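First the structure, in the form of structure tokens, and then the observations on it.
The model shown is predicted, which means the values in this text are computed figures rather than measured ones. We count ligands from 1, going down the list as the structure has it; atoms in each ligand are counted the same way.
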Amino acid sequence: MSFQTPSNLVAPALQSAVADSALAKNTFVLKAGLAQNLKVGWSYYGRFVLFIPLPIQSLRSFPKSPTELVINAEQARIAEEAGACAVMALERVPADIRKNGGVARMSDPKMIREIQAAVSIPVMAKVRIGHFVEAQILESIDIDYIDESEVLTPADESHHIDKQKFGVPFVCGCKNLGEALRRIAEGAAMIRTKGEAGTGNVVEAVRHARTLMSEIRKVQSLQEEELYAYAKEIQAPLDLVKEVKKLGRLPVVNFAAGGVATPADAALMMQLGMDGVFVGSGIFKSGDPAKRAKAIVSAVTNFNNPKVLAEVSEDLGEAMVGINISDIPNGQVYSGRGN
Ligand SMILES: O=C(CO)[C@H](O)[C@H](O)COP(=O)(O)O
């Protein structure tokens, strides 16, 4: 496998694409070009990108009131109009998966096709950890990216999907460097922190980002001969540990995910060194998803500018209420799934 090194050359193009789409309300500028980039394995540097996982039932029902949690067809484009570079098609945002319980599986392909038809930006969809047949099905319907996600109920407690066998790129979650490198060795083209999805609580995403970044700094400080023992300690392939030392970062794009609920949360994750942000429940469980989505896009782009962050944080309406991690019942801590 060859690893794609982030290329700063592509960053300005991507940045302007996001800015353009925010300006040109109904003009969707992140089209095939970006999809192509996604498919060739994230050969660009996605620092200014925001992903907004999109609840799929939004295409099927209209809200009964402004605070209705089910989102309508218009809102299917919220993410796109807000400047997101991709959407994640799923039936329920993680907060609802958490609330409803039961076994969470890959979404109905018909529903995913509806999302593909509704937006022009790339569409991602989730499979259960280890469920390679769900991945084969998604690949067959030309999904742009597969998320092998701990938010769904794991299908295999010991094995992740061998992602090298697929043409479609995969994203996987991690809590630390060892986990990230194991997923990359299996073929993941993108990594995200796991955080604790559906809680509206950023604390776990922060923990995972800090752990990952400090372990990357540790690798950089080690001498070559010390890498062997460290690779063994974190249970990661030696060649990838060496690659991290050389690059001073993961060899693939790394986004924050799980619990981001405010523009400040998104900027926090960016300042901690993430390349972009996934946001789902924090937007679609808030009082004004459209406004919050735009604000979060702006926060990701202007993550180092407190004045802009203050402006976009104003008057956003009700935020997602959120859950304290200590209140999550045993077995419902998603970040512990699939190590
Ligand atoms: O796809 C994901 C994980 O597979 C989500 O992007 C992520 O975890 C979103 O969580 P939240 O709803 O808390 O924003």
F278 heavy atoms, cut-off 4.0 Å: which ligand 1 atoms fall inside?
-> 6 (O)
In ligand 1, the atoms that come under 4.0 Å of a heavy atom of G258 are 7 (C), 8 (O), 10 (O), 13 (O)
Under 3.5 Å, N or O to N or O, is D147 touching ligand 1 that way?
-> yes
Below 4.0 angstrom from a heavy atom of V279, which ligand 1 atoms are there? Numbered from 1 as shown, please.
-> 14 (O)
For the pair E215 and K218, find out whether any cationic side-chain nitrogen is under 4.0 Å from an anionic carboxylate oxygen.
-> no
Would you say T153's side chain and A104's backbone share a donor-acceptor pair under 3.5 angstrom?
-> yes
Give a yes or no on whether a salt bridge exists between E150 and R192, defined as a side-chain N under 4.0 angstrom from a carboxylate O.
-> yes
Atom indices of ligand 1 within 4.0 angstrom of V151 heavy atoms, with elements | 3 (C), 4 (O)
Residues K285 and D96 bridged, charged N to O under 4.0 Å = yes
Passes side chain to side chain contact (heavy atoms under 4.5 Å, CB included), M269 versus D265? Steps please.
-> CA-CA 6 Å; M269 298 315 300; D265 287 350; 5.6 Å; no
Would you mind finding which of R92, K126, M320 brings a heavy atom closest to atom 1 (O) of ligand 1?
-> K126
For P94, counting its heavy atoms only, list the atoms of ligand 1 lying under 4.0 Å from any of them.
-> 10 (O), 12 (O)
Sub-4.0 Å heavy-atom approach of G198 to ligand 1 = yes
Do any N/O atoms on A257 end up under 3.5 angstrom from N/O atoms on ligand 1?
-> no
Are V277 and L250 connected in a single hydrophobic cluster, I mean Ile/Leu/Val/Met/Phe/Trp/Tyr linked by side-chain heavy atoms less than 4.5 Å apart?
-> yes
Would you check whether K194 has a nitrogen or oxygen atom less than 3.5 angstrom from a nitrogen or oxygen atom of ligand 1?
-> no
Which atoms of ligand 1 sit under 4.0 Å from any heavy atom of S149?
-> 3 (C), 4 (O)
Which atoms from ligand 1 have a heavy atom of G259 less than 4.0 Å away?
-> 11 (P), 13 (O)
Side-chain ion pair, E148 and K163, N-O less than 4.0 Å | yes
Close-contact set for ligand 1 against A197 heavy atoms, below 4.0 Å | 8 (O), 10 (O), 13 (O)
Check E196, K175, H208 against S335 for a side chain to side chain donor-acceptor pair (under 3.5 Å) and give me the one that passes.
-> E196
May I ask you to check if ligand 1 and R192 share an N or O to N or O distance below 3.5 Å?
-> yes
Under 4.0 Å between a Lys/Arg side-chain N and an Asp/Glu carboxylate O for K194 and E179?
-> yes
